[in-house]
Amino acid sequence: MDMKKIEKKWQAIWEKEKIANFNPKNIDKKYYCLEMFSYPSAAKLHLGHWYNYGPTDSFVRYKKMKGYETFQPMGFDAFGLPAENYAIKTGIHPKDSTEKNIANMEQTLREMGALFDWNAEVKTCNEDYYKWTQWLFLKLYEKGLAYRKEAPVNWCPSCKTVLANEQVVNGECERCGATVVKKDLTQWFFKITDYAEELLQGLKDLDWPEKTKLMQKNWIGKSIGAEIEFTCESGDKFKVFTTRADTLFVVSFIVFAPEHPLVKKLTSDGQREEVEKYLYEASKANEIERLSTTREKTGVYIGHNAINPINGKAVPIYVADYVLYSYGTGAVMGVPSGDERDFEFATKYNLPIVRVTKGINCNDDLPFHEEGIIVNSKGFDGMTTQEGRKAIVNKLIQEGKAEYKINYRLRDWLVSRQRYWGAPIPVVYCEKCGIVPVPYSELPVRLPYDVEFTPDGESPLAKHKGFMETKCPVCGGPAHRDPDTLDTFVCSSWYYLRYPDAHNAKEPFNPDIINKMLPVDKYVGGAEHACMHLLYARFITKALRDMGYLNFDEPFKSLVHQGVILGPDGLRMSKSKGNIVAPDPYVEEYGADVLRLYLMFGFSYTEGGPWNDDGIKAITKFLDRIERLAAKINSLPVDKNADKHAPNGKEEKALLYAVNYAIKCVDRDMDSFSFNTAVARLMELLNAIYKYDGAETEKNIPLFKDCFKKLVLLLAPCAPHFAEEIWEGLGNKTSVFYSKYPECDESALTLDEVEVAVQINSKMRTKLVVPSEIDEQGIREIIEKDEKLAAEINGREIKKLIIVPKRLINIIL
RNA sequence: GCCGCUGUGGUGAAACUGGCAGACGCGUCGGACUCAAAAUCCGAUGGUAGCGAUACCGUGUCGGUUCGAGUCCGACCAGCGGCACCA
């Protein structure tokens with residue numbers, strides 16, 4: 001079959017019939033299947049795109065044949081750093097390169113033959129989209145979920161520019177090699193932490209991979225503990241956060257993070273010089289050093305002590321950079337016997353290490369951080385650590401020195417990017433009025449086209465006067481805009497809401513439509529988004545719900561991660577490794593259907609694996625066999641006595657069994673993304689039909705034809721162009737995708753006889769064919785009659801007979 | 001370091017709630033068709049021993065639970081992914 005020709009033919013027909021377009025009339029039968037949209041790159045579609053979109057499209061087509069009104073949109077995550085870097089390198093404007101890339105990708109995506117509803121296409125860099133991204137920002141600001149604060153950025157002192165994390169290589173600027181430093185800038189944040197608890201609780205009900213849920217759970221990082229107030233000798237008070245209040249008695253020191261405000265205040269004159277020096281060194285330490293756990297812990301005594309509220313003991317206060325100011329209270333109580341880090345620190349600085357927990361039937365060498373029995377804690381000894389924790393905190397609460405507290409590892413989402421190619425932040429800064437949101441009626445704040453990309457230290461927007469200089473919407477006085485743009489994750493945090501109402505010019509989406517179309521029924525994309533995109537999208541959904549725009553809590557009900565197709569060497573494909581495999585030559589040689597089918601058959605979808613094209617010819621062979629069978633079937637005479645042929649005879653029953661077994665399995669496997677086994681079952685069915693064809697008995701032509709027809713229907717989602725062509729050849733006038741998916745006739749699957757395995761003392765001995773509905777007595781009779789078994793049993797008594805119906809008999813002697 | 005996932009023939013991979021390990025393919029070997037090749041079709045194919053029926057071994061390693069373990073439990077090894085001092 002000329003694959004190229006039929007691909008063009010059927011793609012044209014599908015387009016003409018608008019088969020991919022969602023019909024709102026059938027919204028009550030909607031099935032919203034979403035694939036993560038693409039980043040418009042200059043390269044052609046790579047195998048990863050095919051692997052993500054091909055099998056998922058087959059899933060959608062399957063759902064369509066099952067009677068759903070499917071919605072499978074596609075779009076582009078079009079803002080972002082690569083286009084801007086490309087502009088700096090080549091002088092080609094990001095808008096131009098991006099639009100060109102998008103046009104290119106649209107073309108190749110169409111050639112895949114997927115049922116994308118292009119009507120609903122979304123491009124995040126278009127005004128009619130980012131206008132609503134800005135709307136979203138303003139809504140979050142109104143709701144108190146967007147705020148400004150100082151935060152460090154990576155700064156290259158030589159290029160005088162802010163660097164993204166991925167542009168920092170080993171602490172050096174990717175471009176010029178200068179040492180990157182941290183610099184504080186006032187930036188915008190979204191208050192995702194307000195939703196930490198709900199984001200955590202909501203995971204329970206999601207049909208997501210457990211692994212992904214666990215990653216989000218760890219990312220959110222809930223810890224339940226208490227804040228305990230210490231008083232300094234000076235009378236100043238501070239709090240520490242701890243999950244182990246049961247270890248309070250043996251605190252042997254306190255550590256402040258370098259940024260802790262009391263450090264400067266409490267440092268004694270004698271220690272001042274040393275502390276100042278330490279603080280300077282700590283501020284210089286770059287990210288890599290600070291993050292290294294193997295790095296030796298350092299710290300300095302500040303020359304001041306704190307009083308332990310539970311026993312009045314004075315303990316020294318240190319400043320050390322292993323304590324993070326951004327988590328908890330920025331101050332930590334040091335319990336060397338119960339915490340590895342504290343142990344290391346105490347050992348180094350000769351601080352007391354006193355046991356506080358005795359292990360229960362286990363090795364409790366220090367440091368010992370597990371639960372156990374409390375010791376060395378007057379009044380609490382003998383309690384379990386869990387009991388002691390409560391008792392100690394409760395006592396301190398009565399004295400007003402503690403409170404229960406929950407902390408989350410999750411940080412607020414920094415959305416400012418010191419970049420050009422993104423959605424401008426819709427806020428102006430007025431000397432008189434301060435921060436003023438741009439009125440909704442003035443959206444979008446347009447991204448100007450005429451900018452320069454020379455890397456001279458300022459972002460292109462900052463030096464664009466026409467953009468920066470504006471009037472205050474409140475007082476009319478002079479004001480300037482924010483030179484930063486929004487993180488592209490903001491754009492992708494709500495695109496699934498735009499698709500179903502993509503042309504709405506009045507609002508980002510119509511809540512009535514969205515509440516019916518969402519949540520997304522199946523979301524398919526890479527596992528690398530587990531903690532960023534997928535968490536941000538959940539947060540935005542919940543925030544919009546609380547503003548009354550949505551009536552559902554979670555955007556993606558069910559999630560699947562496709563695996564990664566690696567290079568033939570088993571490593572991730574990359575230009576630098578030179579192991580990239582392009583799909584185009586395969587499409588050229590074998591056709592889109594064959595490549596799709598091969599990707600479905602050769603890999604476990606969620607696993608992926610190294611690319612290897614050894615089996616791709618087998619797929620062509622499989623389709624050729626079907627084609628030959630179709631030709632044969634079309635040449636068979638029409639049987640006028642069709643009704644008279646009731647299926648009987650061994651061969652016919654076997655064929656009927658094969659067909660219905662295939663229907664049952666393929667249906668189940670397609671639904672659960674087990675594409676490799678679905679295709680295997682199709683191959684089995686084809687083999688069974690060939691076997692029937694080759695049998696010497698007289699053919700039941702209507703049955704033969706009917707089985708073949710069912711095979712084509714089952715195949716259609718996986719090899720859509722090919723199946724259409726065969727379907728048409730069988731005399732059908734409408735697209736195969738308007739046909740109903742075949743249904744399994746369970747009665748054809750019940751066999752009169754089954755083969756069961758027979759074990760003696762759990763060892764495989766033989767196989768027997770027995771009636772499928774046989775009882776224990778019947779089995780005993782068969783065993784007695786069987787010569788081989790009788791010889792094995794040799795007159796011994798059967799102590800126990802284990803029967804697994806239709807599978808196995810185990811004779812215990 | 002912590003958390004998680006994975007480990008099955010020469011090879012890609014199957015195995016639903018513990019029940020005939022290796023479905024379906026690739027490759028290899030043998031055969032048919034052919035002057036020959038390609039294509040196609042048929043058969044064999046986990047390992048070891050044996051002419052053979054058959055026997056023993058076999059799902060990373062070691063142990064456990066069970067009539068029965070690829071599947072459950074414990075310890076370890078290897079590969080991959082996530083987190084990175086979160087008190």
Side-chain angles (χ1 to χ4, degrees), chain A residues 209-219 221-223 225 240-244 247 255 257 287 290-295 297 320-324 326-335 338-342 344-345 369 407-411 527-528 530-531 561 564 566 570 572 598 601-604 606-619 621-622 624-625 628 665 668-669 672 674 676-687 690 694 755-767 788 799-813:
Chain A
E210 286 306 319
K211 192 182 162 182
T212 308
K213 292 206 263 184
L214 191 70
M215 271 164 75
Q216 287 211 353
K217 188 185 162 208
N218 293 339
W219 188 266
K222 180 178 184 177
S223 23
V240 299
F241 174 72
T242 179
T243 55
R244 293 298 299 267
T247 64
V255 186
E287 195 89 341
R290 264 198 90 151
L291 291 186
S292 161
T293 24
T294 51
R295 176 172 171 240
K297 300 208 170 4
D321 67 1
Y322 79 89
V323 171
L324 308 172
S326 52
Y327 183 79
T329 61
V332 160
M333 62 188 216
V335 181
D339 183 285
E340 263 179 62
R341 296 154 302 180
D342 295 346
E344 196 192 315
F345 194 81
H369 66 267
N407 268 323
Y408 299 90
R409 211 188 69 103
L410 184 68
R411 305 290 161 78
E528 67 275 18
C531 293
H561 296 307
V564 181
L566 305 168
R572 225 164 240 281
Y598 180 59
F601 179 63
F603 303 84
S604 153
T606 53
E607 300 280 317
W611 173 257
N612 172 336
D613 60 10
D614 281 351
I616 198 163
K617 283 203 176 74
I619 300 293
K621 202 168 118 185
F622 169 60
D624 285 347
R625 271 160 63 90
R628 281 200 300 275
C665 295
R668 185 194 58 208
D669 292 348
S672 60
S674 294
N676 51 350
T677 51
V679 178
R681 295 292 93 79
L682 291 174
M683 289 174 169
E684 278 172 356
L685 174 56
L686 181 65
N687 289 342
Y690 261 93
E755 192 188 57
V756 297
V758 182
Q759 301 180 331
I760 293 179
N761 288 336
S762 306
K763 281 208 145 187
M764 275 297 302
R765 282 299 124 176
T766 186
K767 290 174 186 181
K788 185 182 153 108
K799 289 202 188 107
K800 200 172 163 191
L801 194 61
I802 293 162
I803 299 164
V804 182
K806 294 178 195 176
R807 280 186 179 272
L808 172 137
I809 297 165
N810 191 359
I811 302 161
I812 309 296
L813 297 172

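Here is the naming used below: chain letters follow the sequence lines, and residue numbers restart at 1 for every chain.
Rounded to whole Å, the P atom of B:rC57 lies 24 Å from the corresponding atom of B:rU11. Going from the P atom of B:rC5 to that of B:rC73 covers 10 Å, rounded to whole Å. Taking atom P on both B:rC3 and B:rC26, the two are 44 Å apart, rounded to the nearest angstrom. Between the C1' atoms of B:rU8 and B:rU71, the separation comes to 12 Å (whole Å). Taking atom P on both B:rG30 and B:rG79, the two are 40 Å apart, rounded to the nearest angstrom. Between the P atoms of B:rG46 and B:rG22, the separation comes to 9 Å (whole Å). Taking atom C1' in both B:rC62 and B:rG43, the straight-line distance is 42 Å, to the nearest Å. Between the P atoms of B:rC41 and B:rC51, the separation comes to 36 Å (whole Å).
Between A:Arg765 and B:rU54 there is no side-chain N or O to OP1 or OP2 distance below 4.0 Å. Taking 4.0 angstrom as the limit, A:Lys297 places none of its side-chain polar atoms (N or O) nearer than this to OP1 or OP2 of B:rA87. One finds a side-chain N or O of A:Asn687 lying less than 4.0 angstrom from the OP1 or OP2 phosphate oxygen of B:rG25. A close approach under 4.0 Å does occur between a side-chain nitrogen or oxygen of A:Lys621 and OP1 or OP2 of B:rC26. Here A:Ser604 reaches the OP1 or OP2 of B:rA14: one of its side-chain N or O atoms lies under 4.0 Å away. The phosphate of B:rA14 (OP1 or OP2) has a side-chain N or O of A:Asn676 nearer than 4.0 angstrom. Neither OP1 nor OP2 of B:rA87 sits under 4.0 Å from any side-chain N or O of A:Tyr322. Considering only side-chain N and O atoms, A:Thr677 lies nowhere under 4.0 angstrom from the phosphate OP1 or OP2 of B:rA23. Applying the 4.0 Å criterion to OP1 and OP2 of B:rC41, one finds that A:Arg625 has a side-chain N or O inside that range.
Spacing between atom CZ of A:Arg668 and atom C1' of B:rU17 amounts to 13 Å, rounded to whole angstrom units. Atom CD in A:Glu607 sits roughly 13 Å away from atom C1' in B:rU8 (whole-Å rounding). When the C1' atom of B:rA15 is taken as reference, atom CG of A:Asp669 falls 12 Å away, rounded to whole Å. Distance CH2 (A:Trp219) to C1' (B:rG82): 9 Å, rounded to an integer number of Å. Separating the CD1 atom of A:Ile802 from the P atom of B:rA69 is a distance of 12 Å, rounded to the nearest angstrom. Computed from coordinates, the A:Glu528 CD to B:rC80 P distance equals 18 Å when rounded to whole Å. Between A:Asn218 atom CG and B:rC3 atom P there is a gap of 10 Å when expressed in whole angstrom units. Whole-Å rounding puts the A:Leu682 CG to B:rA14 P distance at 16 Å.
At the heavy-atom level, A:Arg681 lies under 4.0 Å from base atoms of the strands shown. Across all strands shown, A:Gly330 has no heavy atoms under 4.0 Å from either base or sugar-phosphate atoms. Residue A:Asn612 is out of contact with every strand shown, counting any heavy-atom pair closer than 4.0 Å.
Around atom CD of A:Glu340, no more than 12 heavy atoms belonging to other residues, nucleotides or ligands sit under 6.0 Å away.
The aromatic rings of A:Tyr327 and A:Phe241 stand perpendicular to each other, their planes meeting at an angle above 60°, with 30° marking the opposite boundary.
Base orientation of B:rG9: syn, the glycosidic angle falling within 90° of 0.
Taken from CG in A:Asn407 to OG1 in A:Thr242, the straight-line distance is 11.0 Å, to the nearest 0.5 Å. Atom CG in A:Leu566 sits 9.0 Å away from atom CZ in A:Phe603 (nearest 0.5 Å).
The 5' end of RNA chain B is approached more closely, in terms of each residue's nearest nucleotide, by A:Glu340 than by the other of A:Glu340 and A:Ala331. Mapping A:Arg628 and A:Arg244 onto RNA chain B by nearest heavy atom places A:Arg628 closer to the 5' end of the strand.
Remark: A:Asn810 engages A:Gln759, A:Ser762, A:Ile802, A:Leu808, A:Ile812 in a side-chain contact (heavy atoms from CB on, under 4.5 Å) (not counting sequence neighbours). With sequence neighbours left out, the side-chain hydrogen bond (donor to acceptor under 3.5 Å, both in side chains) criterion links A:Thr212 to A:His561.
For A:Lys799 against B:rC67, a side-chain-to-base donor-acceptor contact under 3.5 Å is absent. Residue A:Lys800 places no side-chain atom within donor-acceptor reach of the base of B:rC67, judged by atom type and a 3.5 Å distance cut-off alone. Within 3.5 Å, a donor on the side chain of A:Asn810 pairs with an acceptor on the base of B:rC67, or the reverse.
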(request) Go ahead and write out RNA chain B as dot-bracket, 5' to 3': ( ) for pairs within the strand, [ ] for ones crossing earlier pairs, | when the partner sits on another strand, dots for unpaired; Watson-Crick or G-U wobble, both distances under 3.5 Å. (result) (((((((..(((......[....)))((((((.......))))))((((....))))..(((((..]....))))))))))))....
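When only modelled atom types and interatomic distance are considered, A:Asn687 and A:Arg625 share a side-chain donor-acceptor pair under 3.5 Å.
A donor-acceptor pair under 3.5 Å links the side-chain atoms of A:Arg244 to the main chain of A:His369, judged by distance alone. The closest donor-acceptor contact from the side chain of A:Asn761 to the backbone of A:Leu813 lies under 3.5 Å. Under a 3.5 Å cut-off, the side chain of A:Asp613 and the backbone N or O of A:Ile616 do not form any donor-acceptor pair.
Checking B:rA21, B:rC56, B:rC85 against the side-chain heavy atoms of A:Met764 singles out B:rA21 as nearest.
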